[in-house]
Enquirer: 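Pasting in a structure now, in structure tokens, and then I'll have a few things to ask.
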Amino acid sequence: MKKITLIVLLILSINVFSQSKKKQILLVGTFHFENPGLDVAKFESFNVMTDRSQKELETISDKIKKFGPDKIFVEWNYEKQNTLDKFYNRNSDSLIKIKADEIVQIALRSAKKLNHKKLFAIDYHHADFPYDSLVKGMNEAKQSELLKENEKAIKGFETDFNQMVKTKTLTEILLHENAAKTLEHSNSMYVSLMNPAGKLDNFVGAYLVSEWYRRNLYMYSLVQKLTESKDEKVMVLLGAGHIAMFREFVKMDSNFEIVELKNVLK
């Protein structure tokens, strides 16, 4: 009888463990290697095509390979997955040598080493980001202090990054972009400085923030939908601002646990 009870308890414990085992998700936040200058903050370019950076990218992709994600998700319009598939199946060696883009230099380089058949597009383009209206709303509400703090925060992002471009290696910049303090600061700016913008009956700030949340939540839903039961590990490569939001979503998701980039790159 004792043996039967022990076996039943063992089976139950195995079932509980299998149900609670979370999938590992490596979140990689990055700056845009080919900076189009479309962000609110204006950042200087960092040349990832130098010999030093290329050696770093080889090391980074080797360590991602060692981590072993089953799928890699990237910031590419999810409605154009077929275009990404064609792009991925081009001569990857040639692309890596000529295209200074984070999708090519990190995601494609890593996926090819892992013998993946494709990358997965998860960007969502049907969300608004009315920054000009936000500034106008602050001015109309005479929120001069809020406007100054907002401009100061953006300028701070610019100054800090542009200083790193001059003094840091690519790996050091990526580790800084993925540090908890950096990502928390990014999220805090939306809630603290943008959400209150506008008069009492003008919710332009809350609208902008809600659209930013919506875009990222839709993107995260694509990761959830595309991650299959057989997948044990996945990787997401996005702009650092997106990753800041993703971290908050993962904390609330019982299916995933975050793997820190700093631990993968040790």
Side-chain angles (χ1 to χ4, degrees), residues 27-50 52-53 56-57 60 74-75 99-106 123 125 127-139 141 143-198 204-213 215-216 219 236-248 261-262 265:
L27 300 177
V28 183
T30 181
F31 61 97
H32 294 302
F33 292 179
E34 288 185 323
N35 185 2
L38 299 178
D39 292 331
V40 174
K42 303 305 176 187
F43 300 125
E44 292 183 14
S45 297
F46 182 96
N47 186 4
V48 301
M49 303 307 287
T50 64
R52 183 174 75 170
S53 291
E56 286 183 79
L57 285 162
I60 289 168
V74 296
E75 195 170 336
K99 191 161 180 59
D101 173 271
E102 65 271 15
I103 292 177
V104 171
Q105 294 298 325
I106 297 179
D123 201 3
H125 287 188
D128 200 3
F129 196 86
Y131 187 75
D132 290 343
S133 297
L134 177 118
V135 172
K136 181 181 177 183
M138 286 181 180
N139 282 316
Q143 295 171 313
S144 57
E145 287 301 315
L146 189 62
L147 188 57
K148 286 179 185 177
E149 286 299 315
N150 185 61
E151 291 173 349
K152 180 181 176 182
I154 292 172
K155 193 65 179 176
F157 275 119
E158 291 177 0
T159 302
D160 290 347
F161 182 82
N162 293 340
Q163 183 62 30
M164 284 195 295
V165 167
K166 298 173 184 176
T167 61
K168 304 285 188 184
T169 66
L170 175 60
T171 304
E172 288 171 337
I173 293 175
L174 288 175
L175 288 173
H176 176 270
E177 293 290 278
N178 288 275
K181 186 176 179 180
T182 305
L183 298 172
E184 287 168 6
H185 185 46
S186 174
N187 283 341
S188 175
M189 182 175 171
Y190 285 98
V191 176
S192 301
L193 301 179
M194 296 186 180
N195 201 59
V204 61
Y207 173 73
L208 181 149
V209 175
S210 67
E211 282 292 279
W212 176 244
Y213 268 76
R215 180 184 176 190
N216 285 282
M219 291 166 67
V236 181
L237 175 73
L238 301 171
H242 295 292
I243 290 300
M245 294 294 304
F246 267 50
R247 285 183 70 90
E248 298 308 308
L261 179 64
K262 65 181 180 181
L265 297 187

Enquirer: Can a donor-acceptor pair be found, under 3.5 Å and without considering hydrogens, that links the side chain of Glu248 to the backbone of Asn187?
Expert: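 It does not hold such a pair.
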Enquirer: Kindly compute the distance separating CD (Glu149) from CG (Leu193), expressed to the nearest 0.5 Å.
Expert: 6.5 Å
Enquirer: I need the Phe161 CZ to Phe31 CZ distance, nearest 0.5 Å.
Expert: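 Answer rounded to 0.5 Å: 4.5 Å.
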Enquirer: Any side-chain heavy atom of Tyr213 within less than 4.5 Å of one from Val191?
Expert: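 Tyr213 vs Val191: side chains touch.
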Enquirer: Rounded to the nearest 0.5 Å, how far does CG of Leu237 lie from CD of Glu102?
Expert: 6.0 Å
Enquirer: Under 4.0 Å between a side-chain nitrogen and a carboxylate oxygen: does that hold for Glu34 and Lys99?
Expert: yes
Enquirer: Answer yes or no: is there a side-chain heavy-atom contact under 4.5 Å between Glu75 and His242?
Expert: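 Yes - at least one pair of side-chain heavy atoms lies under 4.5 Å apart.
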Enquirer: If you look at every heavy atom in Leu261 and Asn178, which pair is closest and at what distance?
Expert: CD2-ND2, 3.4 Å
Enquirer: Should Phe157 and His185 count as side-chain neighbours, where that means a heavy-atom distance under 4.5 Å?
Expert: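 Yes, at least one pair of side-chain atoms sits under 4.5 Å.
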Enquirer: Give me the atom names and distance for the closest heavy-atom approach of Thr182 to His176.
Expert: OG1-O, 2.8 Å
Enquirer: Starting from the C-alpha separation in whole Å, work towards a yes-or-no answer on side-chain contact (heavy atoms from CB on, under 4.5 Å) for Met219 and Leu238.
Expert: CA-CA 10 Å; Met219 291 166 67; Leu238 301 171; 3.8 Å; yes
Enquirer: How close do Ser186 and Gly241 get, heavy atom to heavy atom, and via which atoms?
Expert: OG-CA, 4.0 Å
Enquirer: For a quick test of reading the model, state the closest non-hydrogen atom pair linking Phe246 to Val236 and the distance between them.
Expert: CE2-CG1, 4.0 Å
Enquirer: Does Glu158 pair with Lys155 as a salt bridge, N-O distance under 4.0 Å?
Expert: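 So Glu158 pairs with Lys155 through a salt bridge.
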Enquirer: How far does CD of Glu177 sit from CG of Asp160, to the nearest 0.5 angstrom?
Expert: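 Interatomic distance, Glu177 CD to Asp160 CG, rounded to 0.5 Å: 10.0 Å.
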Enquirer: Indicate the ring-plane relationship of Tyr190 and Phe129, choosing parallel, tilted or perpendicular according to the 30° and 60° boundaries.
Expert: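 Tyr190 and Phe129: perpendicular rings.
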Enquirer: Look only at the side chain of Ser210 and the backbone of Tyr207, and say whether a donor-acceptor pair between them is shorter than 3.5 Å.
Expert: yes
Enquirer: With rounding to the nearest 0.5 Å, note down the distance linking CG in Leu170 to OG1 in Thr30.
Expert: 7.5 Å
Enquirer: Could you go step by step and tell me if Met189 and Asn150 meet the side-chain contact (heavy atoms from CB on, under 4.5 Å) rule?
Expert: CA-CA 8 Å; Met189 182 175 171; Asn150 185 61; 3.5 Å; yes
Enquirer: What are the two closest heavy atoms between Met164 and Ile173, and how far apart are they?
Expert: O-CD1, 4.0 Å
Enquirer: Just how far is it from atom CG of Leu174 to atom CG of Leu57, taken to the nearest 0.5 Å?
Expert: 8.0 Å
Enquirer: With Phe33, which of Val104, Asp101, Ile106 fulfils side-chain contact (heavy atoms from CB on, under 4.5 Å)?
Expert: Ile106
Enquirer: Kindly give the heavy-atom pair with the smallest separation between Val48 and Ala100, and that separation in Å.
Expert: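 Result for this residue pair: CG2-CB, 3.8 Å.
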Enquirer: Charged N to carboxylate O under 4.0 angstrom, Asp128 versus Arg215?
Expert: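 No.
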